[in-house]
Number of protein chains: 2
Amino acid sequence: MTKPTISDLARAAGVSVTTVSHAFSGRRPVEPETRKRIQALADQMGYHPSHMARALRSGRTGVIALASSMPFAVAAGPSRLGFLMEIAASAAMSALTRDLALCLIPPHPAAQSCGATSFDGVILVEPARDDPLVAHFERRKTPVVSIGTVPDRPDIPAVDIRSGETTALLLDHLARQGSSRIAALIGSTPRTSQIEAEAAYLDFAKAQGHPPILVRLDEAEGEDLACRETRRLIQADPRIDGIYAAIDAFASGAVRAAHDLGRAMPDRLRLATRYDGLRAKLSVPPLTAVDLHLPATAERAVQLLLDRIGGRNGQAVADPPDLVARQSSGRSSDRS
Amino acid sequence: MTKPTISDLARAAGVSVTTVSHAFSGRRPVEPETRKRIQALADQMGYHPSHMARALRSGRTGVIALASSMPFAVAAGPSRLGFLMEIAASAAMSALTRDLALCLIPPHPAAQSCGATSFDGVILVEPARDDPLVAHFERRKTPVVSIGTVPDRPDIPAVDIRSGETTALLLDHLARQGSSRIAALIGSTPRTSQIEAEAAYLDFAKAQGHPPILVRLDEAEGEDLACRETRRLIQADPRIDGIYAAIDAFASGAVRAAHDLGRAMPDRLRLATRYDGLRAKLSVPPLTAVDLHLPATAERAVQLLLDRIGGRNGQAVADPPDLVARQSSGRSSDRS
DNA sequence: GCCCGTTAGCAAAACGATTTGCAGAAGCAG
DNA sequence: CTGCTTCTGCAAATCGTTTTGCTAACGGGC
């Protein structure tokens with residue numbers, strides 16, 4: 001019982017394959033009565049056009065991919081629920097409404113060779129400067145758009161996720177809550193989010209008239225490294241009363257450090273982080289973070305990719321970040 | 001600048017396309033020197049075999065899908081992070097290591113027509129009895145396996161997620177913690193997990209010698225409905241001192257109901273739910289739940305699907321569920 | 001010297017759709 | 001009756017691979 005093909009259907013209907021094709025696509029007129037007969041027969045035989053054949057002819061697979069090169073520990077986390085998955089869920093919805101399928105390319109050591117399949121396009125999540133994924137897909141001439149701009153590559157369409165603005169928002173909040181000496185934990189991988197965060201922090205420190213206290217941390221080591229470094233920072237300068245963590249794993253580490261040092265939060269140390277994910281919400285105390293409006297961002301990225309595939313290059317900007325103030329920074333606006 | 005094809009490469013190398021194909025696949029011997037030349041030229045020209053053409057020839061797209069028909073509110077949740085996404089992340093990893101890509105088919109009203117693309121196979125997440133998705137893919141002759149058996153369809157390979165056992169584990173725990181009159185909130189959609197949960201609950205009630213107190217709830221209405229029904233149950237029978245919620249959204253509702261009625265947890269009401277997701281962890285108090293070992297389950301499902309595509313039908317069983325006792329059921333084994 | 005097996009390579013036929021060029025029929029105006 | 005358009009429908013080319021015959025050359029054993 002093999003799947004019926006267009007020629008099976010044509011034979012059954014007593015017409016040529018061309019006529020069948022036209023009957024479905026409507027690219028050329030077909031006698032209504034003939035079309036009806038073909039339709040009925042197709043339903044009865046369970047005929048569905050082969051997507052592979054169509055893909056070969058049209059050059060479109062109808063599949064887009066979502067890829068991240070972020071270390072797994074950061075991207076998906078021990079809990080497997082993170083930034084990436086949140087975007088994935090939204091992007092899948094957006095893709096589906098456009099009759100596309102969304103493939104997940106998880107961060108993976110062997111992702112270089114990622115590939116039995118080809119995609120019509122790829123959405124990259126927070127690529128770094130000179131990210132191998134960018135090179136990989138450009139070599140394959142696969143259209144690429146990015147969530148978070150690609151450093152040094154203004155030519156690649158991207159949804160700007162306003163990391164500078166987000167950082168400023170959080171730093172202002174910490175300052176307004178009473179912190180006067182705020183340190184920053186920032187990822188050392190050159191992603192736009194980290195680059196902008198660093199710049200925004202330096203601006204902020206200058207405006208405040210304080211010397212910047214900034215540590216760049218390897219994302220892969222995440223929580224443990226952040227814990228050690230935070231401890232070191234606070235021991236070196238006990239006047240530190242605020243911490244901005246650009247990555248939520250760093251924030252978890254900072255929480256542990258504060259606990260180890262007996263620094264009560266928020267009274268003796270205020271903490272804020274960027275992404276309002278599981279870690280921020282589950283932390284004790286819950287962490288002040290930012291609603292980045294990822295579903296809308298994902299939707300925009302899909303649209304941007306579609307435009308790009310269609311030959312129109314564009315740019316997009318995410319919705320403005322909204323502060324989610326929680327206990328870690330003082331007054332709580334969020335009871336849970 | 002169009003992508004080079006195999007015949008471009010053949011022309012450049014001064015051989016036939018057949019030879020190029022053999023040089024890559026190794027299905028027939030090719031003079032080492034010729035092969036070297038072809039390889040070098042391929043690298044230089046940036047040639048990559050077209051997956052679409054290969055798919056057409058071989059009948060394999062190299063893409064598998066993960067689909068769920070669970071209402072969106074339950075499957076992905078307001079937080080967009082749930083059971084489904086947790087499985088998706090793991091399945092994507094498992095697929096990648098087998099050189100497959102994983103497509104997400106989110107629950108969607110228009111999922112009937114889900115489809116610009118065809119897949120080599122589909123993993124269904126907790127399908128219901130007579131699930132339209134099952135029918136849909138069977139009509140297209142797409143191999144299907146399921147996470148959670150398909151009710152009345154023992155012929156469909158599935159990873160048994162041991163829902164009866166999970167239910168018994170939680171009920172025993174509640175009883176051991178001191179609850180003597182335990183009510184059950186169970187989804188009304190006929191998924192194996194709910195069917196088995198109901199059966200296990202009825203067995204448990206009989207063994208305890210108590211009349212069963214069981215409510216079947218529509219998954220779609222989730223939290224609100226569960227809240228109302230829990231309130232009604234407790235008002236009708238104030239002796240109820242334990243609740244088993246088969247779906248985490250129901251548990252959230254029950255928490256709210258307990259709060260509304262001034263029933264302190266865990267002292268005057270113990271609560272346990274099945275899936276240890278965001279809701280269970282974020283709840284105040286945190287909810288006792290079960291570690292279902294989803295990554296291993298996803299891995300097994302991918303393997304099962306591959307077997308099935310290869311013509312071998314099998315069955316698999318998930319790792320035994322592990323209790324995660326938290327504050328909602330009394331003694332806490334989980335400090336966060 | 002003949003036969004047979006191995007090796008290297010080519011031409012052509014799939015795979016299943018879409019699209020283009022062409023042909024016959026029908027309708028209408030001049 | 002001729003010339004023109006419009007309507008149907010078919011045959012064939014195309015997309016880029018893989019696979020199947022087939023040929024020719026070479027070498028060794030008898």
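FYI, side chains are in, hydrogens and waters are out, and symmetry mates aren't considered; it's all heavy atoms of this structure. In what follows, chains carry the letters A, B, and so on, assigned in the order in which the sequence lines appear, proteins first and then strands, with residues in each chain numbered from 1. No experiment lies behind these values; they were computed from the predicted model shown.
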Closest-nucleotide 5' rank along DNA chain C - winner of B/H22 and A/R27: B/H22

Considering the options B/L66, B/T142, B/V134, B/L133, which one meets the side-chain contact (heavy atoms from CB on, under 4.5 Å) requirement together with B/V122? B/T142

The side chain of B/E31 is closest to which nucleotide in this list: C/dA17, C/dA8, D/dT17? C/dA8

Atom pair distance, as rounded to whole Å: NZ in A/K141 and P in D/dG16: 14 Å

Comparing A/R28 and A/I6 on DNA chain C - which has the more 5′ nearest nucleotide: A/I6

d(CZ, A/R35; P, D/dC7) in whole Å: 14 Å

Of the candidates C/dG9, C/dA8, C/dC15, the side chain of B/T19 sits closest to C/dG9

Here's a test for you: under salt bridge (Lys or Arg N to Asp or Glu O under 4.0 Å), which of A/D160, A/D307, A/D319 qualifies with A/R300? A/D319

Of the options D/dG16, D/dG9, D/dT19, whose atoms approach the side-chain atoms of B/S50 most closely? D/dG16

Are any side-chain N or O atoms of A/D120 and backbone N or O atoms of A/I64, one a donor and one an acceptor, separated by less than 3.5 Å? no

So which nucleotide from D/dT8, C/dG16, D/dT17 ends up closest to the side chain of A/T5? C/dG16

From the candidates D/dT17, D/dC10, C/dT18, the one with an atom nearest any side-chain atom of B/P49 is D/dT17

Check whether B/T5 reaches the backbone of B/S7 with its side chain - one donor and one acceptor, N or O, closer than 3.5 Å. yes

